[in-house]
Structures are given as structure tokens and as C-alpha cells.
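Keep in mind the model is a prediction, meaning the values are calculated, not measured. Residue numbering restarts at 1 for every chain, and letters A, B, ... go by the order of the sequence lines.
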Protein chains: 2
Amino acid sequence: MEKIKQLLRSSNFKLTPQREVVLEVLLENEEGHLSADDVYMLVKKKVPEIGLATVYRTLELLSELNIIQKLYFGENVARYEFRSDSDDHHHHHLECINCGKVEEIDEDWLGIIEEKVEKQYDFKVIDHRLTFQGICSRCKTKDN
Amino acid sequence: MEKIKQLLRSSNFKLTPQREVVLEVLLENEEGHLSADDVYMLVKKKVPEIGLATVYRTLELLSELNIIQKLYFGENVARYEFRSDSDDHHHHHLECINCGKVEEIDEDWLGIIEEKVEKQYDFKVIDHRLTFQGICSRCKTKDN
DNA sequence: GTTTTTGCAAACAATTTGCAGGGAT
DNA sequence: ATCCCTGCAAATTGTTTGCAAAAAC
């Protein structure tokens, strides 16, 4: 948290209460895959006079600073999550097509595959995104 | 193409000229990752009086029949591509963050990984989506 | 005191929906 | 004749922008 504030300051952005609250909400829901609107709702509980546009602008800003990243799952709604600290990216998603829940898993699986991509396709890999769609354990047992 | 028409008929949907043209366009641009609007533009050249809503409805229909599938790359615009015939899904994307081009690659890499997911996370995998972001070979040589 | 940032409302873009007319069976 | 499908326009949804006032440094 402190280093994020540091980063903001050093990039000549001002540390406003609104930005702090957005960060706070993101930290409190780290596994949440929140949409801009989700963040807005949560932030509004703490600072009711905040505007939706400010939330969007803050999320945009944090994305540009590479603090968070914007993802799309099955819908056309952007969701945001913290970018992992390390520059290797071993972090994937399990998306339940029944209940819509998105779970995170953290495994180092794609290292060899990335190498193959770089060699076979002459493609410089910077990041990747891996999502599995299926039925989560809870929905499997509920059997609906 | 014929089997698709068959499938439509057997699901009690009518094979209208509009639907045929949409399919035609999709087939002609199989590697294109077209958005609804792209399809609309292309279809309009053949059948100028077609409506955008019809295109959306047709794409929706084809998605439900599992003929095509709806994907989101970095933006909030849905793009559509044919679903591979086989029920194994060995088909991934290379998305260039410089020129925006999306290339397809067809490799069987995730079989073992899917098994791990099923076991370790008790998650029934139905499909997956793997996209690599990076710099494509053309942009690498152009060096801009 | 400047320069950013905010909140509001209006603008925008992608997609969906309601509905009356048209077409296929 | 019925039921499905289309085209149009209006409605919705998610996101962005213009601008004057307010806040940060």
C-alpha cells in the first residue's frame, strides 16, 4: 500500500482521498474480480459523494501504472485485479459457467509453453491469460 | 456448411437468407476474429437492407448452437470465431499489443494441465482460453 | 497560486429489446 | 392462418468526456 502511494507521488499524481478509498476497496477484495460498478458501490459506502467517473478514472490510472489490470471474462464488463508483484505471471482463472464465480489459481505451468511460442512463432511473449471454463465443485455437487 | 444448415433446421430454426449470408461471411473470414460490426459491414455489401440487430441475433443464435463462439480480447467488443469441430480444444491466440493483430495457433498443450485442474481443484473443465500478449514477429522487425 | 482532480451531466459505443410488418410453412 | 423472423428505432448498459468548482501540493 505504501509503495503504491509512493509510486503515485513519484509519477506526479496527487494522492486524493478518492484514490485512497478505491485502493482500499481493491485491497479488501483482492480475490473479488470487481467491475467498475462493484468498486463504485463499495466505495460509495465509505465516501457517498464520490462519482462513478472518478472510479473509472482511478481504475484507468492504476491500470496505466500497472498496479492493477483490466480483464474481460465472458461478458463485456471490465473487471480489475492486482497485477502480481513479480514480473513472471503464474496466475490463472477458473470460471464457472453455471454460477459465474471466478476463482484464481496460482501455478507455474506455462513457462515451457511460452518458450515454445517464442521459438516456433517468433513472438515475444510479454504476458498471457489462461482461463478455464467449466463447472466448479460447488455447482457439481449441487447438480443443477 | 451443409451440416450447419442441417443443425439449424433440426433445431427448428429457419434458414433465412440473412442467416445464410452471415454464415457465408464468417466462413470467408475464418481467421478474422470479426466483431458484430465487422460482420455487419461485410454482410451489408451483399445484402444492403440487412439490419444490425439481425446480425446480432444471428451471432447470438449461432453461439447458442455452439457453431461459433464469442470471445473478448483486450477490449469490450465481442469477437466471433468458429468453434473447432472436435470437442477437444487445442486452439490459442497470439495477440500483438503493438499492432493489435490476433493470430491463431493450434497446438495440443494443455491436456495434462487440464487434468491437473480437474484433480487439484475439483473443477470440471469444459473449455479453456489461452491468449499470449506480446510483440508479433512483424512488429519486432519493424522495431517501432 | 497553479495545476490536478472531482462530480455532474451529457455524450458515446456496443448490444438488446419492442413492435409492427413480411415471409415461410 | 400461424408462427417465426426481420428491420427499424428506441432503450439499456458500460464507459468516456467536457466543464466549472474544489482540492492538493
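A donor-acceptor contact closer than 3.5 angstrom links the side chains of B:His91 and B:Glu104. No donor-acceptor contact under 3.5 angstrom links the side chains of A:Tyr80 and A:Glu60, judged on distance only.
Atom C1' of nucleotide D:dA24 and atom CG of A:Leu8 are separated by 13 Å, given to the nearest angstrom. Across the protein-nucleic acid pair, A:Tyr40 atom OH and D:dT15 atom P stand 14 Å apart, rounded to whole Å. Nucleotide D:dA22 holds its P atom 14 Å from the CD atom of A:Glu49, rounded to whole Å. With rounding to whole Å, B:Leu15 atom CG is found 22 Å from D:dC3 atom P. Atoms CD (B:Glu20) and P (D:dT6) sit 11 Å apart, rounded to a whole Å. Counting to the nearest Å, the C1' atom of D:dC4 and the CZ atom of B:Arg57 are 11 Å from each other.
Side-chain N/O atoms of B:Arg19 include one lying less than 4.0 angstrom from OP1 or OP2 on D:dT6. Residue A:Tyr56 places at least one side-chain N or O under 4.0 Å from the OP1 or OP2 atom of D:dT15.
Looking at heavy-atom distances under 4.0 Å, B:Glu60 makes no contact with the nucleic acid at all. Across all strands, A:Leu52 comes closer than 4.0 Å to base atoms (heavy-atom distances).
A salt bridge between B:Asp37 and B:Lys44 is absent, with no side-chain N of the basic residue lying under 4.0 Å from a carboxylate O of the acidic one. Comment: A:Lys101 does not engage A:Glu31 in a salt bridge, judged by the lack of any side-chain N to carboxylate O separation of less than 4.0 angstrom.
A distance-only check finds no donor-acceptor pair linking the side chain of B:Gln69 to the backbone of B:Phe82 [under 3.5 Å].
Using cut-offs of 30° and 60° on the angle between ring planes, the pair B:Phe132 and A:His128 is perpendicular.
Comparing A:Asp37 and A:Lys14, the nucleotide of DNA chain D nearest to each residue sits closer to the 5' end for A:Asp37. Both B:Thr54 and A:Gln18 sit near DNA chain D, but only B:Thr54 has its closest nucleotide nearer the 5' end.
Between A:Phe73 and A:His93, the distance from one ring center to the other falls under 6.0 angstrom.
Think of the region where chain B sits on DNA chain C: with heavy atoms and a 4.0 Å cut, that region ends 5' and 3' at C:dA14 to C:dG18.
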